[in-house]
Enquirer: 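Before we start, here is the structure in question, set down as structure tokens.
Lettering follows sequence order; numbering is per chain, from 1.
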2 protein chains.
Amino acid sequence: MGSGEAARSRRRSSKPQSQSPLNVTMMAVAEEAGVSRATVSRVFHGTTPVAPSTRDAVHAAAERLGYIPNEMARSLAASSSDIIGLLLRGPSNPAYGLLFSELQAEISRLGLQMITVAPSPMEGANFERQALNRLLGLRVGGMFVSTGVIQAEMLEPFLDVVPVVIIGRPENHPRIYSVSYDENGNATLLADAVAAQGHRDVAVVIPNVGSSVAESLRGRVMAQRLEGHGVTVHRIPSPTFGVVKEGIAEVMALYDAGTITAAMFPSDVRLLAFLSHARAAGVRTPEDLSATGCDGVLPGVDLLGITTVRIPVEQAAVRAAAVMQSMLAKPGRIKVEHELLPGTLLPGRTLGPPRGGR
Amino acid sequence: MGSGEAARSRRRSSKPQSQSPLNVTMMAVAEEAGVSRATVSRVFHGTTPVAPSTRDAVHAAAERLGYIPNEMARSLAASSSDIIGLLLRGPSNPAYGLLFSELQAEISRLGLQMITVAPSPMEGANFERQALNRLLGLRVGGMFVSTGVIQAEMLEPFLDVVPVVIIGRPENHPRIYSVSYDENGNATLLADAVAAQGHRDVAVVIPNVGSSVAESLRGRVMAQRLEGHGVTVHRIPSPTFGVVKEGIAEVMALYDAGTITAAMFPSDVRLLAFLSHARAAGVRTPEDLSATGCDGVLPGVDLLGITTVRIPVEQAAVRAAAVMQSMLAKPGRIKVEHELLPGTLLPGRTLGPPRGGR
DNA sequence: GTGAAAGCGCTAACAC
DNA sequence: GTGTTAGCGCTTTCAC
């Protein structure tokens, strides 16, 4: 060590640089090991072979100094990043939380890295845009998009620069690969179960597409399918973003009027909100009124005994990660597909009574 | 536009650069607006004033080109970042998921950005180290650490370079600010409730510190507190990482032997796992055996009617974000504190019977 | 108020 | 197998 230091700090009033591994540069490691920066670089990611002795020396030096490579500089210089970004809607929803976990596990298994951003949970797609930009600003090497609202078109400009996989939400954009829950099938499963139970008058809560593409689809399909069975459907729109209690009052009113014998909710959280309310109002489930949800990932779903559909989160994670890996391997050569993963009906105690006629 | 382009691409076989906003550089915006790069930079973050007309021109140009600033280059050049990193344990746990959401909301409110990384959910603190390094490698401007296992000492080398706030887990490191749930208080609340109910023989499941600092603490305090009430405690260790079912068999054995009238679990997930098992085994709660959990954040916790403590996640998020903001504002000048946020007892239906004598 | 230019820490030709 | 060097896209003195 020693010289070399010269003529540095001409400008930039050479900060005090409190000593910490974070300030250890590749240059420092190189000096410590008595090699050039290039060699250090090669030791770390090099495709080029390096003499074993040199390699060891570099590793030792890095270790000694606690060197933590500056990922920003790396990916800036290489103009490529092996960090995959995940754009995740509401992490407080167990379904998304589970997806996060599973994806992380898969991505790690594949030797990639992942960082996650979530939109501020305030209303609107604007926050999703911001979150998207956060990821793009970081120039991630790939993106998972799992969010209810972002328009596929928003992603369009980036498709040939960064691999994108949409997860969860049913999507049909011809240029975007998607791994989705078969919400059509899920809704059908539930509607069939309700119809088979003999219900003839059913309320269905249907959120706005703007709130959640998946939930909206679920609601619409449920309603339609029920009608296919000759059931009278009472559609209850839920236009407001993020308000899980919306529609409950309407359902209760229909029940009080003796109009319905069952209510279908497009998600478990909504169902739970309803069940709390119903219980407080002295309405028994399913003796007085049957009710169904959708998602099935809540811990304790078995204890709650709700009738719902379990969405295949784990499978989705596995598929999405695999697809991402191949996109990374051969950029632009992957044929766009729209995978649909079927859920499974979780029979529960909240679907009951009306068996015979009305 | 036109010239200037010369003598570029001498090396670096000038990639085809498919056109996308991601390839639009500040240089491009500058040319489009007819100003210099420096000016564009000033328009975006500049403290230096810029002529209104110039400003508008730049904004217009940026808009037109769909310019997305390269955050890596920015923070590399400025050697500072306004991105806060969140190191989050198990996002599939609703308690962590909720924390993620709430923190994101707070951070956005404060005009900061946040990215989240989670360790691969496999055993060990090694993966937590990796996740930590991912954040450090990105040279984040600050860090929230909310993870059960990472040693405070691991963070030590970075403390004077990047502000760190530990969230959730009780922590007493003299140099690390922490905003924690008062697990001591939480455990006490529960133990007192169980004792007050008249239970004299209670099983307590106690995880290893290595699995979860918080859960381990809860278990130990519960046991101790119960003993303070003269209750006979049956400690059941749960040494294995991530196995929520651990200890259930032991509890059931104690119950079968008629030894205990209540069992306390250090988390709601563990309690739920137990309840499923118990129900399957025909054991009624609380008629046959009382049981308590801890966390209280699960959606549907009211319906489940479990006796637990609700941890103040929202408050923790607010405090942590506020502290981070002040640390960012005056680096190194914030007095380290260890805030303790009390939880609230959620009385439920799983704590019952033994009232009178044994 | 604005431009020129020197780096930030690193990668990747290219030469030896 | 290793060193040299020109950038990656941006910020920030410094001069005008």
Enquirer: Base of D:dG3, side chain of A:Arg42 - is there a donor-acceptor contact under 3.5 Å?
Expert: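 It does, because a donor-acceptor pair links the side chain of A:Arg42 to the base of D:dG3 below 3.5 Å.
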Enquirer: Mind checking if B:Ser41 touches a base, just sugar-phosphate, or nothing, with heavy atoms under 4.0 Å?
Expert: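 The residue B:Ser41 makes base contact.
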Enquirer: What is the distance from CE of B:Met72 to C1' of D:dG7, rounded to the nearest Å?
Expert: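 That distance rounds to 17 Å.
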Enquirer: Which nucleotide in the list C:dC10, D:dG3, D:dG9 gets nearest to the side chain of B:Leu76?
Expert: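 Given the options C:dC10, D:dG3, D:dG9, the side chain of B:Leu76 is closest to D:dG9.
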Enquirer: Answer yes or no: are there more than 12 heavy-atom neighbours, outside A:Glu63 itself, under 6.0 Å from its atom CD?
Expert: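 It does not: A:Glu63 CD has 12 such atoms or fewer within range.
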Enquirer: Round to the nearest Å and state the distance from A:Leu22 atom CG to C:dG9 atom C1'.
Expert: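 Distance check: A:Leu22 CG to C:dG9 C1' gives 13 Å.
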Enquirer: When you measure from the side chain of B:Thr39 to the backbone of B:Val35, do you find a donor-acceptor pair of N or O atoms at a distance under 3.5 Å?
Expert: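 Answer holds: no.
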Enquirer: Among D:dC10, D:dG9, D:dG1, find the nucleotide with the atom closest to the side chain of A:Pro49.
Expert: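 Comparing D:dC10, D:dG9, D:dG1 against the side chain of A:Pro49, the answer is D:dG1.
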Enquirer: Of the nucleotides C:dG3, D:dG3, D:dC10, which one has an atom closest to the side chain of A:Ala38?
Expert: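 Of the options given, the side chain of A:Ala38 lies nearest D:dG3.
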Enquirer: Taking the six-membered ring for Trp, are the ring centroids of B:Phe100 and B:Phe144 within less than 6.0 Å of each other?
Expert: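 Between B:Phe144 and B:Phe100, which both carry aromatic rings, the centre distance is not below 6.0 Å.
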Enquirer: Under 4.0 Å between a side-chain N/O of B:Thr39 and OP1 or OP2 of C:dT2, yes or no?
Expert: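 It does not, given that no N or O in the side chain of B:Thr39 lies less than 4.0 Å from OP1 or OP2 of C:dT2.
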Enquirer: Within the 4.5 Å heavy-atom criterion, are B:Pro91 and B:Tyr96 side-chain neighbours or not?
Expert: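 No. Closest side-chain heavy atoms not under 4.5 Å.
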Enquirer: Both A:Arg37 and A:Ala51 contact DNA chain D. Taking the nearest nucleotide for each, which residue is further toward the 5' end?
Expert: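 In this pair, the answer is A:Ala51.
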Enquirer: Would you say a side-chain N or O of B:Ser36 is under 4.0 Å from OP1 or OP2 of C:dG3?
Expert: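 Affirmative; the distance criterion is met.
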Enquirer: Indicate whether OP1 or OP2 belonging to D:dC8 is found under 4.0 Å from a side-chain N or O atom of A:Ser79.
Expert: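 For D:dC8, neither OP1 nor OP2 has a side-chain N or O of A:Ser79 closer than 4.0 Å.
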Enquirer: From CD of B:Glu31 over to P of C:dG3, roughly how many Å is that when rounded to an integer?
Expert: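 Distance check: B:Glu31 CD to C:dG3 P gives 12 Å.
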Enquirer: What's the CG-C1' distance between B:Leu138 and C:dG9, to the nearest Å?
Expert: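 Checked: the CG to C1' distance equals 14 Å.
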Enquirer: Which nucleotide in the set C:dT2, D:dC8, D:dC10 lies at the smallest distance from any side-chain heavy atom of B:Thr48?
Expert: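 The answer is C:dT2.
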Enquirer: Check whether any side-chain N or O of A:Thr54 sits under 4.0 Å from OP1 or OP2 of D:dT2, and answer yes or no.
Expert: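 Yes, A:Thr54 has a side-chain N/O under 4.0 Å of OP1/OP2 on D:dT2.
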Enquirer: Expressed as a whole number of angstroms, how long is the span from A:Asn23:CG to C:dC8:P?
Expert: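 Roughly 13 Å, once rounded to whole Å.
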Enquirer: Tell me: CG of B:Asn70 to C1' of D:dC8, nearest whole Å?
Expert: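 So the two atoms are 8 Å apart, to the nearest Å.
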Enquirer: Applying a 4.0 Å non-hydrogen cut-off, can you work out what A:Val35 is touching in the nucleic acid: base, sugar-phosphate, or nothing?
Expert: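 The answer is sugar-phosphate, as A:Val35 gets under 4.0 Å only of primed atoms, P, OP1 or OP2.
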Enquirer: What is the distance, to the nearest angstrom, from the CE atom on A:Met26 to the P atom on D:dC8?
Expert: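 So the CE-P distance, A:Met26 to D:dC8, works out to 19 Å.
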Enquirer: To the nearest Å, give me how far apart CD1 (B:Ile68) and P (D:dC10) are.
Expert: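 About 11 Å, once rounded to whole Å.
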Enquirer: Whether the side chain of B:Asn133 engages the backbone of B:Leu136 through a donor-acceptor N/O pair (distance < 3.5 Å, no angle test) should be reported.
Expert: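 Side chain of B:Asn133 to backbone of B:Leu136: no pair is present.
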Enquirer: Test your reading of the model: is there a side-chain donor-acceptor pair from B:Arg37 to the backbone of B:Val29, 3.5 Å cut-off?
Expert: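 Checking the backbone N and O of B:Val29 against the side chain of B:Arg37, no donor-acceptor pair under 3.5 Å is found.
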Enquirer: Classify A:Tyr67 by what it touches in the nucleic acid, base, sugar-phosphate, or nothing, heavy-atom distance under 4.0 Å.
Expert: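 Result for A:Tyr67 = sugar-phosphate.
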